[in-house]
Amino acid sequence: MNVGFPSSDDKGLLRGVTLSNFLQLVEMEGNTCMLEISCGRIKQKGFLFINGGVLFDAECGSLFGLGAAKEMIKWVDVEILIRELPKSKMVRKIDESLTSLILLVLGEEKTAFVPDESASEMEIYDIDLNMDKNGEDNEKQSNTKQETTMDVQKLHETIEVLKKDVGDGLLATDIFGAADGQSIAGHNTQPKASALFNKLTDFITDALTGSGFPALGKYYIMDLVDGNMVIVIPMGSYRWGMLVNGEKTQMGLLLNIVIPKIIDGFEEAITG
Amino acid sequence: MGKELERIFDIVAQRGGFDARMEFASRTGLSKSKVAKAKDTPDLKQKLLKIAAEVLGREINDFD
């Protein structure tokens with residue numbers, strides 16, 4: 001069994017842990033396993049099939065795939081039994097990363113998501129666009145710190161725009177935190193690539209600074225073999241990475257139309 | 001409506017990348033699409049230019 005979690009007994013049974021926290025750990029560690037989730041409160045049981053930290057499939061009563069996973073993530077006070085992943089469950093049926101899915105469920109439950117500590121500690125101005133004609137605004141209000149929240153639904157809509165506009169050329173995409181490299185939303189999400197390209201972006205930023213070169217602009221592009229490309233867009237507390245097939249993608253359209261459009265969408269998601 | 005305010009967002013992105021633009025959006029609490037619907041008032045423009053200068057670490061002297 002390709003798991004190495006601490007367990008409360010020899011059968012790999014965990015009690016008293018929060019499922020969402022545990023799933024983020026599984027994703028971060030890149031574990032492969034089947035999790036049998038039991039919720040005593042509602043007397044239900046379900047299964048999550050995870051391969052290399054990526055959620056492949058889920059089953060819960062009459063629900064399958066994404067619907068089953070979303071249902072189980074809502075459960076509280078669960079028991080988690082860690083088992084070996086059956087070979088029959090090696091087919092990926094869920095696009096979202098575990099972190100993305102958790103945020104989606106939290107968003108649906110109308111829970112505000114605070115991006116990260118650094119973002120919430122920034123000095124934030126609450127500018128009133130409806131100032132009167134004399135421009136007399138409330139100075140006290142304009143300099144008040146406010147909490148930045150993420151509109152998760154808007155974030156997913158922005159991913160959909162990218163998928164629709166790039167079509168088959170988009171092989172994978174992730175929006176990940178600059179602090180930890182954890183994907184918060186994406187399509188055919190790649191947790192390992194998110195973590196590694198996050199480190200790479202830090203390295204490139206440091207290399208430019210250390211060289212006395214101008215800082216990184218809007219994005220960087222890597223030309224890969226077989227006509228593929230990686231594009232990484234630094235966006236403050238977040239970064240957006242995408243793997244595209246350049247032979248199936250009109251790069252002019254992507255760089256000049258689609259990227260500005262998704263940046264606008266992401267900006268709306270963080271400003272509410 | 002808001003053409004000058006929109007231009008500030010473009011200048012921030014041009015000179016500081018999307019890193020700077022997202023910091024600008026977070027600090028103002030505004031998105032480019034939101035300011036597009038607002039009026040270009042001198043006070044609002046000055047306020048945004050001030051925050052843009054803070055984000056970029058330099059004044060935007062060539063705006064007008």
Side-chain angles (χ1 to χ4, degrees), chain A residues 115-116 118-137 139 141-151 154 175 178 201 205 208 214-220 232-240 259-272, chain B:
Chain A
D116 64 22
S118 62
S120 59
E121 283 170 0
M122 283 191 310
E123 190 178 2
I124 295 167
Y125 298 76
D126 180 15
I127 293 180
D128 183 6
L129 286 175
N130 298 313
M131 288 190 300
D132 63 30
K133 287 175 185 173
N134 298 322
E136 291 173 2
D137 62 338
E139 197 63 32
Q141 180 194 27
S142 69
N143 289 307
T144 303
K145 284 187 179 184
Q146 67 179 38
E147 194 175 69
T148 304
T149 56
M150 176 73 81
D151 183 340
K154 184 73 196 172
I175 298 172
T201 307
T205 303
L208 290 168
L216 194 58
K218 293 177 181 174
Y219 44 76
Y220 64 88
V232 178
I233 311 169
M235 307 184 299
S237 301
Y238 297 94
R239 286 164 179 167
W240 194 327
I259 287 181
K261 196 196 292 185
I262 62 172
I263 288 294
D264 285 351
F266 182 82
E267 193 174 64
E268 282 185 48
I270 63 167
T271 54
Chain B
M1 293 282 277
K3 285 289 173 200
E4 290 199 320
L5 303 180
E6 276 189 275
R7 215 177 122 223
I8 299 174
F9 277 75
D10 292 336
I11 291 173
V12 170
Q14 190 63 41
R15 298 182 187 178
F18 292 131
D19 252 346
R21 181 163 151 194
M22 291 306 139
E23 188 187 338
F24 182 66
S26 296
R27 290 183 59 178
T28 58
L30 300 173
S31 62
K32 187 179 170 185
S33 47
K34 206 182 281 180
V35 298
K37 297 169 191 161
K39 277 186 181 176
D40 274 328
T41 65
D43 267 32
L44 192 50
K45 193 174 91 177
Q46 284 311 312
K47 195 176 278 280
L48 292 190
L49 283 172
K50 178 175 175 283
I51 299 169
E54 288 172 11
V55 170
L56 294 172
R58 56 189 159 138
E59 297 291 329
I60 300 174
N61 295 319
D62 53 343
F63 184 75
D64 292 315

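Residue numbers begin at 1 in each chain, while the letters A, B, ... track the order of the sequences. Here the structure is a predicted model, which is why all the values come from computation and not from measurement.
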Nearest 0.5 Å, what's the CD1-CG distance between A/Ile233 and B/Asp19? 11.0 Å

Between A/Ser237 and B/Met22, is any pair of side-chain heavy atoms under 4.5 Å apart? no

Interface moiety of A/Ile263 toward chain B, non-hydrogen atoms closer than 4.5 Å: both

Spacing of CE belonging to A/Met235 relative to OG belonging to B/Ser26, to within rounding of 0.5 Å: 10.5 Å

May I ask you to test the A/Glu267-B/Phe18 pair for a side-chain heavy-atom distance under 4.5 Å? no

Tell me, for B/Phe9 versus chain A, whether the close heavy atoms (under 4.5 Å) come from the side chain, the backbone, both or neither. side chain

Using a 4.5 Å cut-off on heavy atoms from C-beta on, say whether the side chain of A/Asp264 contacts that of B/Arg21. yes

Separation of A/Thr271 OG1 from B/Lys34 NZ (nearest 0.5 Å): 4.5 Å

Testing the basics here: between B/Ala13 and A/Lys218, what is the closest heavy-atom pair and its distance to 0.1 Å? O-CE, 3.8 Å

